[in-house]
Visitor: 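Please read through the structure below; I'll follow up with questions.
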Amino acid sequence: MVIRCLARHPPVEVPHGICYGQADVALAVGWEVFASQLAASLRKTGIRRLFASPLSRCRIPAQWVAARTQCELRLDERLREISFGEWEMCPWDAIPRNALDKWAADLLGFTPPQGESGQELIERVTNFWSECETGPSCAILSHGGPLRVLEALVAGKNVDLSVPAMPLGMVKLMP
């Protein structure tokens, strides 16, 4: 499969300043606008296969899109956001400053307590990517972390987890 479209899930019902990664949080009101845009992009490009993270903020819009476009939908665990472990659903300002500093200094190697390192995220998403290099075109609906990895892989660049993630609710067609 050739990745022709990357999309980041729409906004969620999480207060500002809360750490969430693999926590399964609810979609914010109005998510259907994003889903309509994604469906229109798939229709325009002729993409017939959609892969999505199984977390509800991706799964629900993906199911909506698949039902309206007759795209084949495949949920894939490897497209989940990075796990922040014990930090999940904690206010960022409640996480010890020294731990955040260690993470910022080593995005690849640092692992939050009971969480996942950036390197582990890259390995799991690269494993998914290795199955997408040939075949019919597809779209991916995922999260900021996995999309950083996929954007770099699609562009043939080195993965840099410090680059800004695609904005929430963005649909990006790939060359």
Side-chain angles (χ1 to χ4, degrees), residues 1-16 18-84 116 118 121-175:
M1 297 155 292
V2 176
I3 297 174
R4 301 246 348 263
C5 177
L6 296 175
R8 186 170 180 198
H9 65 81
V12 295
E13 287 291 332
V14 175
H16 181 72
I18 299 295
C19 173
Y20 67 96
Q22 288 190 8
D24 204 7
V25 298
L27 287 163
V29 172
W31 63 266
E32 297 90 347
V33 172
F34 160 80
S36 295
Q37 292 169 342
L38 179 56
S41 294
L42 298 187
R43 282 189 204 100
K44 183 170 78 174
T45 60
I47 294 171
R48 306 294 304 144
R49 185 172 290 158
L50 173 60
F51 288 87
S53 161
L55 295 175
S56 62
R57 60 191 183 263
C58 291
R59 178 181 40 80
I60 291 169
Q63 290 170 328
W64 189 98
V65 168
R68 285 157 180 82
T69 62
Q70 286 70 54
C71 275
E72 175 188 355
L73 173 59
R74 293 188 185 177
L75 301 177
D76 196 301
E77 295 286 332
R78 296 170 294 180
L79 294 173
R80 285 177 176 259
E81 182 58 283
I82 193 167
S83 171
F84 288 111
E116 177 179 32
L121 168 71
I122 291 169
E123 288 170 8
R124 116 171 111 78
V125 175
T126 300
N127 178 271
F128 171 84
W129 160 255
S130 69
E131 296 175 15
C132 294
E133 293 181 284
T134 60
S137 34
C138 66
I140 310 294
L141 173 52
S142 190
H143 312 271
L147 290 171
R148 281 185 188 99
V149 177
L150 288 169
E151 276 193 284
L153 294 171
V154 168
K157 297 179 180 177
N158 291 328
V159 176
D160 180 357
L161 295 178
S162 68
V163 300
M166 291 172 56
L168 292 172
M170 181 177 185
V171 177
K172 182 176 183 179
L173 297 178
M174 307 306 290

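Values in this document were obtained by computation on a predicted structure and should not be read as measured data.
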Visitor: So which heavy atom on A35 is nearest to which on V65, and how close?
Guide: O-CG2, 3.4 Å
Visitor: What are the two closest non-hydrogen atoms of R4 and I47, and how far apart are they?
Guide: CB-CD1, 3.6 Å
Visitor: When you compare the side chain of P167 with that of R8, does any pair of heavy atoms fall below 4.5 Å?
Guide: no
Visitor: List the steps, then state whether side-chain contact (heavy atoms from CB on, under 4.5 Å) holds for V154 with V2.
Guide: CA-CA 9 Å; V154 168; V2 176; over 6 Å; no
Visitor: Side chains of I140 and F128, heavy atoms from C-beta outward: is any pair under 4.5 Å?
Guide: yes
Visitor: Can you tell me how far CD of E116 sits from CD1 of I82, rounded to the nearest 0.5 angstrom?
Guide: 5.0 Å
Visitor: Evaluate the side-chain proximity of L147 to L79: yes if any heavy-atom separation is below 4.5 Å, no if none is.
Guide: no
Visitor: How close do M166 and M170 get, counting heavy atoms only, and between which atoms?
Guide: CE-O, 3.6 Å
Visitor: Report yes if the side chains of L27 and P10 come closer than 4.5 Å at any heavy-atom pair, otherwise no.
Guide: yes
Visitor: Run the side-chain contact (heavy atoms from CB on, under 4.5 Å) test on T69 and L38 for me, step by step, so that the C-alpha distance in whole Å, both residues' side-chain angles and the decisive distance to 0.1 Å come before the verdict.
Guide: CA-CA 10 Å; T69 62; L38 179 56; over 6 Å; no
Visitor: Quick check for you: to the nearest 0.5 Å, what is the distance between Q63 atom CD and R68 atom CZ?
Guide: 11.0 Å
Visitor: Tell me, please, which residues at least two apart from E81 pass salt bridge (charged side-chain N to carboxylate O under 4.0 Å, His left out).
Guide: none
Visitor: Is it true that D76 and R74 have a side-chain N and a carboxylate O under 4.0 angstrom from each other?
Guide: no
Visitor: For the backbone of Q70 and the side chain of R48, can you confirm whether one donor and one acceptor N or O come within less than 3.5 Å of each other?
Guide: yes
Visitor: Kindly indicate whether the side chain of V171, heavy atoms from C-beta on, has any atom under 4.5 Å from the side chain of C5.
Guide: yes
Visitor: What I'd like to find out is whether the side chain of W129 reaches to under 4.5 Å of the side chain of I3, using heavy atoms alone.
Guide: yes
Visitor: Measure the CG-CD1 distance between L150 and I122 for me, rounded to the nearest 0.5 Å.
Guide: 11.0 Å
Visitor: Which value, rounded to the nearest 0.5 Å, describes the distance between L173 atom CG and L42 atom CG?
Guide: 8.5 Å
Visitor: Using 0.5 Å steps for rounding, measure from the CG atom of L141 to the CZ atom of F34.
Guide: 4.5 Å
Visitor: To the nearest 0.5 Å, what is the distance between CD (Q22) and CG (D24)?
Guide: 10.0 Å
Visitor: What pair of heavy atoms forms the shortest contact from E77 to P54, and how long is it?
Guide: OE2-CG, 3.5 Å
Visitor: Should L121 and L161 count as side-chain neighbours, where that means a heavy-atom distance under 4.5 Å?
Guide: yes
Visitor: Mind listing the closest non-hydrogen atom pair of V29 and E13 along with its distance?
Guide: N-OE2, 3.7 Å
Visitor: Is a side-chain N or O of R78 found less than 3.5 angstrom from the main chain of T126, in a donor-acceptor match?
Guide: no
Visitor: Using the side chain to side chain donor-acceptor pair (under 3.5 Å) rule, collect all pairs that involve residues 140-166, keeping only residues at least two apart or in two chains.
Guide: S53-H143, R57-H143, E151-K172, D160-S162
Visitor: If you look at every heavy atom in W64 and A39, which pair is closest and at what distance?
Guide: CZ3-CB, 4.3 Å
Visitor: In the structure I gave you, are the side-chain heavy atoms of S56 and R59 within less than 4.5 Å of one another anywhere?
Guide: yes
